[in-house]
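Every chain is numbered from 1, with letters handed out A, B, ... down the list of sequences.
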Amino acid sequence: MNTNQNPESTDVRTPSNFLHDIIAGDVQTKKYGDAVIQTRFPPEPNGYLHIGHAKAICLDFGLADEFGGKTNLRFDDTNPEKEEQEYVDSIMADVRWLGFEWDRLCYASDYFGQLYEWAIQLIKAGKAYVDDLTADQIRHYRGTLTEPGKDSPFRNRTVEENLDLFQRMKAGEFPDGSRVLRAKIDMASPNLNMRDPVMYRILHATHHRTGDEWCIYPMYDYAHGQSDSIENVTHSMCTLEFADHQPIYRWYIEQLGIFPSQQIEFDRLNLTYTLLSKRKLLQLVQEKRVSGWDDPRMPTLSGFRRRGFTPEAIRAFVGSVGASRTNGIVDFEMLEHFQRDDLNRRARRAMAVLRPLKVIIDNYPEGQEEMVEVANNPEDPAAGGRQVPFAREIYIEQDDFREVPPPKYYRLSPGKEVRLRNAYFITAQSVVKDDDGNVIEVHCTYDPASRGGNSPDGRKVKSTIHWVSVKHALTAEIRLYDKLFTKPDPNDHPEGGSFLDNLNSNSLEKIADARLEPSLGGARVEERYQFERVGYFCLDPDAKPGKLVFNRTLALKDSWAKIERKAGA
RNA sequence: UGGGCGAUCGUUCAAUGGUAGGACAGUGCCCUUUGGAGGCACUUAUCCAGGUUCGAAUCCUGGUCGCCCAGCCA
């Protein structure tokens, strides 16, 4: 099946990939009988979701949906020291924003009681023991990648003693770090995860949901597979770095004899010029290198949302990137492509002049004004049109006038005629300069017969430029964003340095007084616009009545910039 | 160097023993009331060496290279 074959197909279903094939195979062989396909998206609430999570979300929800299955949102909240309700809330909002709704909302912490009982069961079966070694000692006893580990001296405690000690751990008799519960597996296993993994540690910490009810907390490995099993998860998809955990995932399920969820690993999403490590993103927030988790330069879903990215585009991007088991790095341009593609089809057009240059049309009657009819979206006739005021004095983009035009420059220059979008042909006649020699005003003449943008004599112009009437213009702050990092791999830094060395000092540029057509006064937060010939923009939440603030989501592709670059090179 | 996983255009994903294809990026042309969008064309890849087979990206053997693992994080 090739979903790209159908041009009118705008669906963003998960394309065929190895995960799809595995599930399809399991459905066919009835591996799980008549049970529905069940998946789960299992974030730890210790940070905001980023574009990498979007891939997991699309896979978890998309694949289940494709097979008529269900997906739970489960918070893997087994470490109270890092987790907060704020993150739980933001994660739920972001999953919904992306366009997915979970079947059940679950928490690993809902299973603390069950997990504890299963631990008792394993102790009674002689499969788990309380270890008094310190963390340091445990590390030494674990051995290394090339040498086997050694048994802990506490490994052969009696079931009774283990039971007693573990119950007292739970009862809060011991301080943090004094003891752990470990699975008794194989200290010589070539897989370090199987060298008697820790199941429970003592943490006298307040949990964001269970409060102080517990002072022992299960480790990820002890909690994850059983949580999947409790929820009858058939396909538990996670990223590649957990492949080494699969044996332990299976071991607990087998020892307990519970529902056999299966883990399948896929590759993590990496993007050029982008950091997708929660730890480092947290650092950017805490050190105030960015304004917050939702800074429009952040790769978080909330950052992309504020920047003006759409869930549709992110889903399409993730679908196109697919899933495999290779680890690579996707060009950021790929994401930009899907975003432009989506916005081009849907964004309302408007005219806005970022860096204004005043144009005076000398032969246009002083005091006269008129409304010109403009299409809201040439890609979508159903979007209708609007009236934009035109007058004798207008602003154009500084870039759209050159006193001495370089080769191939089609825009306005002395003696040259161009079209004002949807209005008239104008010809530049003279300029006014300030004391420093900068052009501050261009005087033009217009052809009254070219109203609407066409001359009855069939005369052609090479260029069409946008404009805003001086008298009617709205002033706005515009925020232009560039990449947060200067290198394709932000972690590529010299010895002793850090990713912070690669921070782009010019990633945010604010323009205080851009001029906008009046209709933009009614913009709402998260409404997306194309400022014609400039880029895609959306109103920022910082906007207040009387103060417009727009974020540039993305610039339009600029082939003139390419010509200039080549000429300069 | 123990174990696990992987290797296909610059990037990413396909091809499930039978014509190596799509998307992004790039290049050129056409079109255009956005130098946007669109259209057409082009360039570029099966890690290496053997083997099995009528036929190998795919199967086998041996290399090479890359990623992951030594938290009481997830």
Side-chain angles (χ1 to χ4, degrees), chain A residues 2-5 15-17 21 42-44 46 76-79 81-83 131 133-135 138-140 142-149 176-182 189-195 197-203 217 219-221 223-224 238-247 265 267 272 278-279 317 319-338 340-341 344-345 349 351 375 378-379 408-411 419-423 452-454 460-466 530-535 555-563:
Chain A
N2 185 347
T3 51
N4 298 321
Q5 213 78 96
S16 182
N17 59 44
D21 295 344
E44 183 189 14
N46 67 343
D76 242 337
D77 54 349
T78 55
N79 185 357
E81 293 181 323
K82 290 188 175 174
E83 297 154 7
D131 197 343
L133 254 28
T134 65
I138 286 182
R139 184 172 354 110
H140 287 116
R142 184 155 33 227
T144 68
L145 293 176
T146 51
E147 302 156 36
D176 287 3
S178 57
R179 285 178 228 267
V180 292
L181 183 72
R182 300 178 74 177
S189 171
N191 182 342
L192 301 245
N193 294 120
M194 297 298 273
R195 321 245 260 228
V198 172
M199 296 165 60
Y200 274 93
R201 75 280 212 187
I202 301 173
L203 242 35
Y217 290 92
M219 297 287 290
Y220 165 85
D221 280 318
H224 200 91
C238 62
T239 44
L240 242 25
E241 66 270 24
F242 290 100
D244 287 338
H245 295 246
Q246 199 174 135
E265 310 88 13
D267 60 336
T272 54
K278 269 199 213 172
R279 205 202 93 228
F317 163 72
S320 115
V321 158
S324 71
R325 291 176 71 87
T326 64
N327 27 35
I329 181 157
V330 178
D331 284 339
F332 197 84
E333 288 78 32
M334 184 89 81
L335 210 208
E336 294 184 329
H337 163 77
F338 282 96
R340 286 200 184 95
D341 188 52
N344 176 53
R345 268 179 280 132
R349 314 283 128 127
M351 290 197 286
E379 300 288 315
K408 299 226 178 146
Y409 185 83
Y410 302 148
R411 284 114 94 156
R419 170 166 40 232
L420 292 175
R421 177 87 160 139
N422 295 111
N454 276 312
K460 300 281 183 208
V461 289
K462 271 287 219 185
S463 177
T464 300
I465 65 177
H466 61 282
Q530 183 196 99
F531 290 177
E532 288 199 78
R533 302 207 311 129
V534 179
L556 249 31
K557 281 205 198 166
D558 187 351
S559 53
W560 167 242
K562 206 177 283 182
I563 294 169

Please collect all side-chain hydrogen bond (donor to acceptor under 3.5 Å, both in side chains) contacts where either partner lies in residues 327-336 of chain A, sequence neighbours excluded, each pair once.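 Of all non-adjacent pairs touching residues 327-336 of chain A, none passes side-chain hydrogen bond (donor to acceptor under 3.5 Å, both in side chains).
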
Base, sugar-phosphate, or nothing for G328(A), non-hydrogen atoms under 4.0 angstrom?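 Contact class for G328(A): sugar-phosphate only.
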
Can a salt bridge be assigned to the pair R421(A) and E532(A) using a cut-off of 4.0 Å between side-chain N and carboxylate O? yes

In terms of side-chain geometry, is the basic nitrogen of R345(A) or D341(A) positioned less than 4.0 Å from the acidic oxygen of its partner? yes

How would nucleotides 34-44 of chain B be written as a contact map, 5' to 3', with B for base contact, S for sugar-phosphate-only contact and - for no contact, using protein heavy atoms under 4.0 Å? BBBS-------

For nucleotides 66-71 of chain B, 5' to 3', base contacts (B), sugar-phosphate-only contacts (S) and non-contacts (-) with protein non-hydrogen atoms under 4.0 Å give -SBBBS

If only side-chain N and O atoms of K562(A) are considered, is one of them under 4.0 Å from the OP1 or OP2 phosphate oxygen of rG26(B)?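 Answer yes for this pair, as a side-chain N or O of K562(A) is under 4.0 Å from OP1 or OP2.
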
Output yes when at least one side-chain N/O atom of T146(A) is less than 4.0 Å from OP1 or OP2 of rU1(B), else no. no

Return the nucleotide paired to [N]: Watson-Crick means purine N1 to pyrimidine N3 with N6-O4 or O6-N4, wobble means G-U with N1-O2 and O6-N3, both under 3.5 Å.
N	result
rU27(B)	rA41(B)
rA20(B)	none
rC59(B)	rG51(B)
rC67(B)	rG4(B)

Options rA23(B), rA74(B), rU1(B), nucleotide nearest the side-chain atoms of M334(A): rA23(B)

Anti versus syn assignment for rG50(B), with syn defined as within 90° of 0: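 Nucleotide rG50(B) adopts anti.
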
Between the main-chain N or O of A555(A) and the side-chain N or O of R340(A), is there a donor-acceptor pair closer than 3.5 Å? yes

For rG63(B) and rG2(B), measure between their P atoms and round to the nearest Å.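 Result for the P pair: 12 Å, nearest Å.
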
